[in-house]
Amino acid sequence: MKKALVGLLAFALSLGMAQKTLVFGSNGEPVSLEPGNITDGISIYVQQQIYDTLVAFKPGSTEVTAGLATSWFSSQDGKVWTFRLRQGVRFHDGTELTAEAVKFNVERWWDPKNPTRIDAAARYEIWPYLFGGSKGEPTSILKEIQVVDKYTIRFVLNQPFPAFPAAIASGYFGIASPAAIQKNGSRYGSPTGSAVGTGPFRLVEWRPGEQIVLEKNPNYWKKGFPKVDRVVFRVIKDPAARLAALKAGTIDFTTDIPPANLQDVERDPNLDPVLRPSFNVGYLALNPGYKPLSDPRVRQAIAMAINKKAIVQAFWGKLGLTDGHFTPPPMKAYQSPKVTDYEFSPQKAKALLAEAGYPNGFDLELWYMPVSRPYFPTPKEIAEAMAADLSAIGIRVKLQTKDWASYLNDRKQAPGFQAYMLGWTGDYGDPQNFYDPHFACPISDLFDSTRKPLCVKELGDLLTKAATTPNLEERKRLYQRADELTFNLALRIPIVHSQPLLAKRKNISGWVPSPLGSESFEAIEKR
């Protein structure tokens with residue numbers, strides 16, 4: 001009897017040992033698990049475990065590779081893109097991936113009148129960000145979606161778009177089960193609904209403010225993947241608390257560790273620092289809808305008053321750099337040699353303010369994010385440093401923040417935030433992805449004096465031409481001009497291009513961070 005109990009215990013323990021669970025320390029909670037209806041990296045990180053995209057990126061790079069589509073090609077004029085789908089792929093609910101399913105997803109993102117959109121409050125703003133506009137708008141790059149046969153889908157464009165496969169590979173555009181969306185209605189992608197893709201893991205539980213639990217997809221189309229049975233996203237917003245949890249072993253890996261903690265991680269015998277390739281920008285946005293900021297001299301004065309080099313040295317050390325380019329260093333070929341950086345000079349900044357009619361400065365609300373991000377790992381402290389610099393030229397700063405979902409949404413509601421911190425990690429390896437979401441007309445989060453979304457026509461026209469020009473040398477010339485214009489406008493002041501610090505326990509292997517800001521956990525193993 002005793003031997004039987006011992007044997008039973010050993011068997012139970014072996015089962016427990018076999019169940020490998022990865023625990024990820026998440027710096028916040030997703031806004032939604034509905035593809036195409038989010039813009040934040042926290043949501044993408046979870047979605048990349050649940051969904052696959054039509055085209056994927058090779059691990060650790062911005063190079064496109066096969067995803068749910070095994071091949072694709074364009075017409076000679078660059079206006080038609082055809083994708084052939086992988087056959088035999090099924091969603092987590094057992095329904096089949098077909099060209100009709102892909103069309104169902106894309107039409108929801110593209111068409112504001114699509115009846116399957118969740119509700120009136122859902123914005124689906126990322127599609128027009130990356131593809132010029134929504135259905136029915138003259139700026140829309142997409143003209144028509146055609147189902148050629150069960151496993152072939154075709155996109156007809158209004159103009160050439162060389163980066164189309166890379167753009168649709170963005171993590172926003174995971175392909176979801178049409179049946180699940182129709183079944184769940186307005187609950188889809190929320191804590192009370194479901195999230196059903198073809199990806200390596202399927203959603204089990206979402207406890208708001210606490211954790212999200214995913215389990216292995218036993219029918220995943222990539223044979224031998226994923227390598228673990230469960231993934232738990234544990235919400236720990238405070239960077240210090242995440243690092244403490246990593247040291248204690250209650251989480252296995254995490255992102256957005258403050259660069260100041262690099263040596264602390266290196267000295268811990270149980271931890272490994274992991275560096276994400278730099279492909280981002282952290283910026284300070286200045287809204288011209290607020291009267292003092294409508295004058296470019298005032299915006300340039302703010303740029304000159306902030307000691308960017310000192311701030312980057314203090315908060316990023318060797319893991320960050322600052323310059324005047326909105327695009328990151330890997331985009332050097334598209335950057336103008338005429339753009340270096342704003343001169344740090346409080347004296348000249350004060351003179352500019354006086355020239356613009358503000359010799360005694362003015363009041364300014366500066367909003368900072370409530371969560372750490374790769375480009376701003378400690379946003380409150382960085383905001384405090386900028387506020388101190390601005391006070392030296394008479395600008396009286398009041399710091400503000402609110403919850404993440406509201407922060408992202410409310411900055412776009414007229415008249416918008418006066419000034420706010422945010423950033424961008426590239427979705428694919430093309431300058432269009434940095435410029436268009438932030439400067440193409442209309443600019444959704446900056447306003448003019450009539451409370452309408454801002455449009456700088458010269459810049460908008462330039463960006464439209466650059467995005468559709470197939471000749472590489474001409475595109476370089478156009479984006480170099482865009483670099484000069486955005487620098488002089490000072491609507492978004494680039495503060496940092498960071499090399500984000502990540503960290504893991506030593507028993508974790510197979511984690512290859514993407515320069516695009518998030519990656520699948522399918523290849524990660526836990527010893």
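Remark: Arg477 engages Glu474 in a salt bridge, criterion side-chain N to carboxylate O under 4.0 Å. Salt-bridge check for Glu458 with Arg481: passed, with a basic side-chain N closer than 4.0 Å to an acidic carboxylate O. Note on Arg108 versus Glu34: salt bridge recorded, some NZ/NE/NH1/NH2 to OD/OE distance being below 4.0 Å. A salt bridge links Arg276 to Glu519: at least one charged side-chain nitrogen sits closer than 4.0 Å to a carboxylate oxygen. Between Arg475 and Asp430, at least one side-chain N (NZ, or NE/NH1/NH2) sits under 4.0 Å from a carboxylate O, which counts as a salt bridge.
Among residues two or more places apart in sequence or in another chain, the side-chain hydrogen bond (donor to acceptor under 3.5 Å, both in side chains) test is passed with Arg86 by none. For Trp72, the side-chain hydrogen bond (donor to acceptor under 3.5 Å, both in side chains) test picks out no residue, with sequence neighbours left out. Partners of Asp323 by side-chain hydrogen bond (donor to acceptor under 3.5 Å, both in side chains), not counting sequence neighbours, listed by chain and number: His497. Residues satisfying the side-chain contact (heavy atoms from CB on, under 4.5 Å) test with Ser190, not counting sequence neighbours, are Arg187, Thr192. Pro470 pairs by the side-chain contact (heavy atoms from CB on, under 4.5 Å) definition with nothing, not counting sequence neighbours. Considering only residues two or more places apart in sequence or on other chains, Ser71 meets the side-chain hydrogen bond (donor to acceptor under 3.5 Å, both in side chains) condition with none of them.
Under the 3.5 Å distance criterion, the side-chain polar atoms of Asn184 are matched with a main-chain donor or acceptor of Ser194. Without hydrogens or angle criteria, Ser520 side chain to Glu522 main chain gives a donor-acceptor distance under 3.5 Å. In this structure, Glu137 contributes its side chain and Ser134 its backbone to a donor-acceptor pair below 3.5 Å. Formation of a donor-acceptor pair under 3.5 Å by the Ser75 side chain with backbone atoms of Val80 is found in this model. The closest donor-acceptor contact from the side chain of Thr401 to the backbone of Tyr368 lies under 3.5 Å. In this structure a side-chain-to-backbone donor-acceptor pair under 3.5 Å is present from Asp448 to Lys452. At distances below 3.5 Å, not a single donor-acceptor pair connects side-chain atoms of Thr322 with backbone N or O atoms of Val496. A donor-acceptor pair under 3.5 Å is formed between the side chain of Asn105 and the backbone N or O of Ala101. With hydrogens and angles ignored, the 3.5 Å screen pairs no side-chain donor or acceptor of Asp483 with any backbone N or O of Tyr479. A donor-acceptor pair is defined here as one N or O able to donate and one able to accept, closer than 3.5 Å; such a pair exists between the side chain of Asn287 and the backbone of Pro415.
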From CA spacing to verdict: ring-ring contact (aromatic ring centres under 6.0 Å, His included), Phe155, Phe83: CA-CA 8 Å; Phe155 298 89; Phe83 295 79; 5.6 Å; yes
field: Trace of the side-chain hydrogen bond (donor to acceptor under 3.5 Å, both in side chains) decision for Trp367 with Gln418
entry: CA-CA 8 Å; Trp367 291 76; Gln418 293 176 8; over 6 Å; no
message: Quick one, Asn433 with Leu130, criterion side-chain contact (heavy atoms from CB on, under 4.5 Å). Give me CA distance, side-chain angles, the key distance, then yes/no.
response: CA-CA 7 Å; Asn433 180 237; Leu130 300 188; 3.3 Å; yes
field: Pair Thr468-Gln159, side-chain hydrogen bond (donor to acceptor under 3.5 Å, both in side chains): steps then yes or no
entry: CA-CA 7 Å; Thr468 58; Gln159 58 198 38; 4.9 Å; no
- request: Please lay out, stage by stage, how Asp461 and Lys465 fare under the test salt bridge (charged side-chain N to carboxylate O under 4.0 Å, His left out).
  value: CA-CA 6 Å; Asp461 291 347; Lys465 186 176 181 181; over 6 Å; no
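Tested against Phe279, the residues Phe57, Tyr375, Phe434 include a single ring-ring contact (aromatic ring centres under 6.0 Å, His included) partner, Phe434. A ring-ring contact (aromatic ring centres under 6.0 Å, His included) with Phe173 holds for exactly one of Tyr428, Trp109, Tyr129; it is Trp109.
Nearest heavy-atom pair across Glu144 and Trp110 is N-CH2, 4.1 Å. The two residues Leu463 and Ala482 make their nearest non-hydrogen contact at CD2-CB, 4.0 Å. Summarising the geometry of Ile42 relative to Trp404, their closest heavy-atom pair is CD1-NE1, 3.7 Å, with the distance given to 0.1 Å. Nearest heavy atom pair, residue Ser26 against residue Gly28, reads OG-O, 2.6 Å. Across all non-hydrogen atoms, the minimal contact from Thr254 to Trp511 is O-CH2, 3.4 Å.
Summarising the local packing, NZ of Lys103 is surrounded by more than 12 heavy atoms from other residues, nucleotides or ligands at distances under 6.0 Å.
Pairs passing the ring-ring contact (aromatic ring centres under 6.0 Å, His included) check and including a residue from residues 28-54, sequence neighbours excluded, read Phe24-Tyr45, Tyr45-Phe521. Residue pairs meeting the ring-ring contact (aromatic ring centres under 6.0 Å, His included) criterion with at least one member in residues 436-472, sequence neighbours excluded, are Tyr283-His438, Phe326-His438, Phe326-Phe439, Trp424-His438. Listed by first then second residue, pairs satisfying side-chain hydrogen bond (donor to acceptor under 3.5 Å, both in side chains) with a partner in residues 167-182 read Asp93-Ser177, Tyr172-Asp427, not counting sequence neighbours. Applying the salt bridge (charged side-chain N to carboxylate O under 4.0 Å, His left out) definition to pairs two or more places apart or across chains, those involving residues 148-165 are Glu96-Lys150. Within the structure, the salt bridge (charged side-chain N to carboxylate O under 4.0 Å, His left out) test picks out the following pairs touching residues 401-419 (sequence neighbours left out): Glu125-Lys412, Lys402-Asp410, Arg411-Asp445.
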Run the side-chain donor-acceptor check on residues 295-305: report pairs under 3.5 Å with partners two or more places apart or on a different chain.
residue	atom	partner	partner atom	Å
Asp295	OD1	Arg297	N	2.8
Asp295	OD1	Arg297	NE	3.1
Asp295	OD2	Arg297	NE	3.3
Asp295	OD2	Arg297	NH2	2.7
Arg297	NH1	Glu355	O	3.4
Arg297	NH1	Glu355	OE2	3.4
Arg299	NE	Leu489	O	2.9
Arg299	NH1	Leu293	O	2.8
Arg299	NH1	Ser294	O	3.4
Arg299	NH2	Leu489	O	3.0
Gln300	NE2	Asn488	O	2.8

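Taking CG of Leu422 as the reference point, atom CG of Leu408 lies at 6.5 Å (rounded to 0.5 Å). From Leu33, atom CG reaches atom OH of Tyr188 across 8.0 Å, with rounding to the nearest 0.5 Å. Atom-to-atom distance recorded for Lys380:NZ and Ile382:CD1 is 13.0 Å, nearest 0.5 angstrom.
A donor and an acceptor atom, one from each side chain of Asn280 and Ser498, are located under 3.5 Å apart.
Aromatic ring orientation, Phe164 versus Trp81: parallel (interplanar angle below 30°, classes split at 30° and 60°).
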